[in-house]
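Take a look at the structure set out below.
Residue numbers run from 1 in the order of the sequence given. Since the model is a prediction, treat every value here as computed from it, not as a measurement.
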Amino acid sequence: MKRIFLLIIIVMIQISCSTTQNTMEMEAWLGKPKKSIIKSWGTPIRTLDDEKKGEILIYADQVYANSNNQHSSGMVGSNHWDYTFVYINPDGKIASWRKEKQVFPPQQINAADLIGAKSISAK
């Protein structure tokens, strides 16, 4: 019983460290030029203009689930999209970022939904 409890604690610590690591990696991009993130991550799936003469880079991964609701590479059916929105200021520098999960594809994202929003919804 003690081993199971210890294993659960170890897994929880690893998950929390992973989330912290991802946040720290994203924070390191703040203030860097737009071209540096494109060079590292590749071309975004979409780029939108914001109302402040800046841009919003949209990176997206489509996540599929099998019948047990576990991630798999099979094309059983779309479960959701993992989005990373990178906000570029008018000087061409990374000003902020946001991660979000949604069920709709990138083609349905509207720039007005992303500006100043905490979450987005399809139109």
Side-chain angles (χ1 to χ4, degrees):
M1 185 66 159
K2 288 181 181 181
R3 288 184 182 183
I4 293 173
F5 182 70
L6 181 60
L7 180 62
I8 290 171
I9 296 295
I10 290 171
V11 169
M12 290 175 64
I13 290 171
Q14 287 180 330
I15 290 171
S16 68
C17 290
S18 172
T19 303
T20 303
Q21 180 72 21
N22 290 340
T23 301
M24 289 173 50
E25 288 174 10
M26 286 303 301
E27 293 293 329
W29 285 106
L30 296 178
K32 304 273 182 174
K34 174 179 91 168
K35 66 181 178 181
S36 65
I37 199 164
I38 291 174
K39 186 175 181 181
S40 178
W41 289 15
T43 305
I45 198 162
R46 284 193 69 195
T47 301
L48 302 172
D49 292 328
D50 70 7
E51 296 173 342
K52 301 173 187 170
K53 298 185 181 178
E55 295 177 288
I56 304 167
L57 307 180
I58 302 172
Y59 290 92
D61 289 317
Q62 193 169 15
V63 179
Y64 295 93
N66 61 21
S67 61
N68 296 329
N69 204 23
Q70 297 174 352
H71 297 300
S72 72
S73 60
M75 299 277 290
V76 175
S78 175
N79 198 26
H80 69 273
W81 289 81
D82 285 337
Y83 287 105
T84 301
F85 302 102
V86 180
Y87 295 84
I88 308 298
N89 66 20
D91 298 328
K93 308 278 184 182
I94 299 169
S96 64
W97 60 274
R98 181 166 54 91
K99 290 185 176 273
E100 188 171 313
K101 292 182 182 180
Q102 290 291 344
V103 295
F104 53 84
Q107 297 83 357
Q108 294 180 345
I109 295 175
N110 182 330
D113 294 333
L114 295 175
I115 299 168
K118 294 186 179 178
S119 65
I120 60 174
S121 58
K123 294 280 182 192

Quiz item: Say you draw a straight line from CD of Gln62 to OH of Tyr83; how long is it, rounded to the nearest 0.5 Å?
Solution: 8.5 Å
Please report, to 0.1 Å, the donor-acceptor pairs under 3.5 Å made by any side chain of residues 37-47, with sequence neighbours excluded.
unit_1 : atom_1 : unit_2 : atom_2 : d
Arg46  : NH1    : Pro106 : O      : 2.7
Arg46  : NH1    : Ile109 : O      : 2.8

Quiz item: Which pair of heavy atoms, one from Ile58 and one from Phe85, lies closest together, and at what distance?
Solution: CG1-CD2, 3.8 Å
Exercise. Test side-chain contact (heavy atoms from CB on, under 4.5 Å) on Ile56 and Val86 and set out the steps.
Key: CA-CA 6 Å; Ile56 304 167; Val86 180; over 6 Å; no
Quiz item: Just how far is it from atom CZ of Arg98 to atom OG1 of Thr84, taken to the nearest 0.5 Å?
Solution: 10.0 Å
Practice problem: Could you grab the distance from atom NZ of Lys34 to atom NZ of Lys93, nearest 0.5 Å is fine? | Solution: 12.5 Å
Self-check item: Non-neighbouring partners of Ser96 that pass side chain to side chain contact (heavy atoms under 4.5 Å, CB included), sequence neighbours left out
Solution: Tyr87
Quiz item: Side chains of Trp97 and Glu27: does their closest heavy-atom pair fall under 4.5 Å?
Solution: yes
Exercise. Quick one: list whatever passes side-chain hydrogen bond (donor to acceptor under 3.5 Å, both in side chains) with Asn89, sequence neighbours left out.
Key: none
